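Right, one structure below, let's go through it.
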There are 2 protein chains.
Amino acid sequence: MTTPGEQMQADVLAILRRRNLALSAYKVLEELRDAHPKIAPPAVYRALSSLMSKGQAHRVETLKAYVACQCKEHARASILSICENCGAIEEHLAGEVLEAVSHVVAETGFSSQHHVIEVHGICAACNARMPAPEGGGGRRLSAIADPMPPKLEAVCCPLPTARRAAWRH
Amino acid sequence: MTTPGEQMQADVLAILRRRNLALSAYKVLEELRDAHPKIAPPAVYRALSSLMSKGQAHRVETLKAYVACQCKEHARASILSICENCGAIEEHLAGEVLEAVSHVVAETGFSSQHHVIEVHGICAACNARMPAPEGGGGRRLSAIADPMPPKLEAVCCPLPTARRAAWRH
DNA sequence: AGGGATATGTTATATTATAACATTACACAA
DNA sequence: TTGTGTAATGTTATAATATAACATATCCCT
Ligand SMILES: [Zn+2]
Ligand SMILES: [Zn+2]
Ligand SMILES: [Zn+2]
Ligand SMILES: [Zn+2]
């Protein structure tokens, strides 16, 4: 027997698993309308929350979006890589990196409970599809002209709409 | 001579620097009303955006909030530690951790551009103030009874209001 | 001064998330 | 079986976060 809530979680998880992209809660909600015509935001957030507490889904903090867990069994925290070009998300075992991070913050007496590690860049498929322009570190967002090229970290998240890759809603 | 925009950025930075907490954009906006009575959200977000692109402020992704940079000179990415008890933020040089993370994701051909590393836990001051109950890894949120104790990662961010520390708005 | 680019101001709205309360389902005792 | 308390789910409304779109001002260069 499955409670309605379990059904909802299963449906949400199925939707997340159909892609390796992260979906916003409201995108999930849209897709849920097929199976649950009268669904409202709290139901989605509750399902996501349950899935996350079971380690079956993760929130991608830098995208305000959610993704299915890709690990066989999600033991502790993992590293999420986010392709700036196609939006693909990959989950990597954090392993020793976790200890390294904890060690750094422990130098000021901080005790770690929960790690969030996300990396933006270019995925293997996109790297293969179009060669890096030069300089080696992966390519820029696209062929869009760059009148005043972004510097440092500004490359990433708060990117003006016009030069934002299409997969960002 | 300072343009109005530069003044705004300076004011925002001053506000962020008054605390070692992260402030939401709208909290910043409130405090800006003293100096800029007619300010609107876009001005705040523009100022924050400029500050961030110069590395003088950072967004704390897991808190949807902003904090002044604490580094002498913010070279690349850093590790932010967030105290679950008092909300204090500390910035740590990522150093070799950055390479470690890049190395992990590089195993699938991913090339890194921008790292986000945040750690939730308990800061030195809070650890000192009240002894860990047992188990060693830093203490729980407070003396609130725990009818069905949270497990795994669920300890952190999506914490129900009632048992959320006061510094979370 | 004119004209184009950039920065700033203003209004409105989009997007994300949760509070608050109503209702239902279920366990267990009376 | 019928009440009674508890937890899960549904529903409504609203809070909190962020950006679009366009108007106006400022600056730089000729
Ligand atoms: Zn996982
Ligand atoms: Zn890609
Ligand atoms: Zn910094
Ligand atoms: Zn603390």
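Letters go in sequence order (proteins before strands), and every chain restarts at 1. These numbers come from the heavy atoms of this one structure, side chains and all, not from hydrogens, waters or symmetry mates. In this text the structure is predicted, and so the values were computed from the model without any measurement.
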Starting at [atom1] of [X] and ending at [atom2] of [N], how long is that distance when rounded to a whole Å?
X	N	atom1	atom2	answer
A:E6	D:dA8	CD	P	11 Å
A:Y26	C:dT15	OH	P	11 Å
B:M52	D:dT17	CE	P	14 Å
B:Y66	D:dT17	OH	P	9 Å
B:E30	D:dT17	CD	C1'	14 Å
A:K38	D:dT9	NZ	C1'	15 Å
A:L63	C:dT15	CG	P	16 Å
A:Y45	C:dA20	OH	C1'	17 Å

When you measure from the side chain of A:W167 to the backbone of A:E84, do you find a donor-acceptor pair of N or O atoms at a distance under 3.5 Å?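 Yes; at least one donor-acceptor contact below 3.5 Å.
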Give a yes or no answer on whether the side chain of A:R33 reaches the backbone of A:I39 with a donor-acceptor pair at less than 3.5 Å.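 Confirmed, A:R33 side chain pairs with A:I39 backbone.
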Look at the side-chain N and O atoms of B:S24 and state whether any lies under 4.0 Å from the OP1 or OP2 oxygen of D:dA16.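 No, outside the criterion.
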Measure from the side-chain heavy atoms of [X] and tell me the nearest of [options].
X	options	value
B:R46	D:dA21, C:dT18, D:dG10	D:dA21
B:A40	C:dT10, D:dT12, D:dG10	C:dT10
B:P42	D:dT12, C:dT11, C:dT16	C:dT11

Plane angle bin for B:H120 and A:H114 - parallel if under 30°, tilted between 30 and 60°, otherwise perpendicular: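 It falls in the tilted class, 30° to 60°.
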Should the pair A:E61-B:K64 be classified as a salt bridge under the 4.0 Å nitrogen-to-oxygen rule?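 No, this pair does not count.
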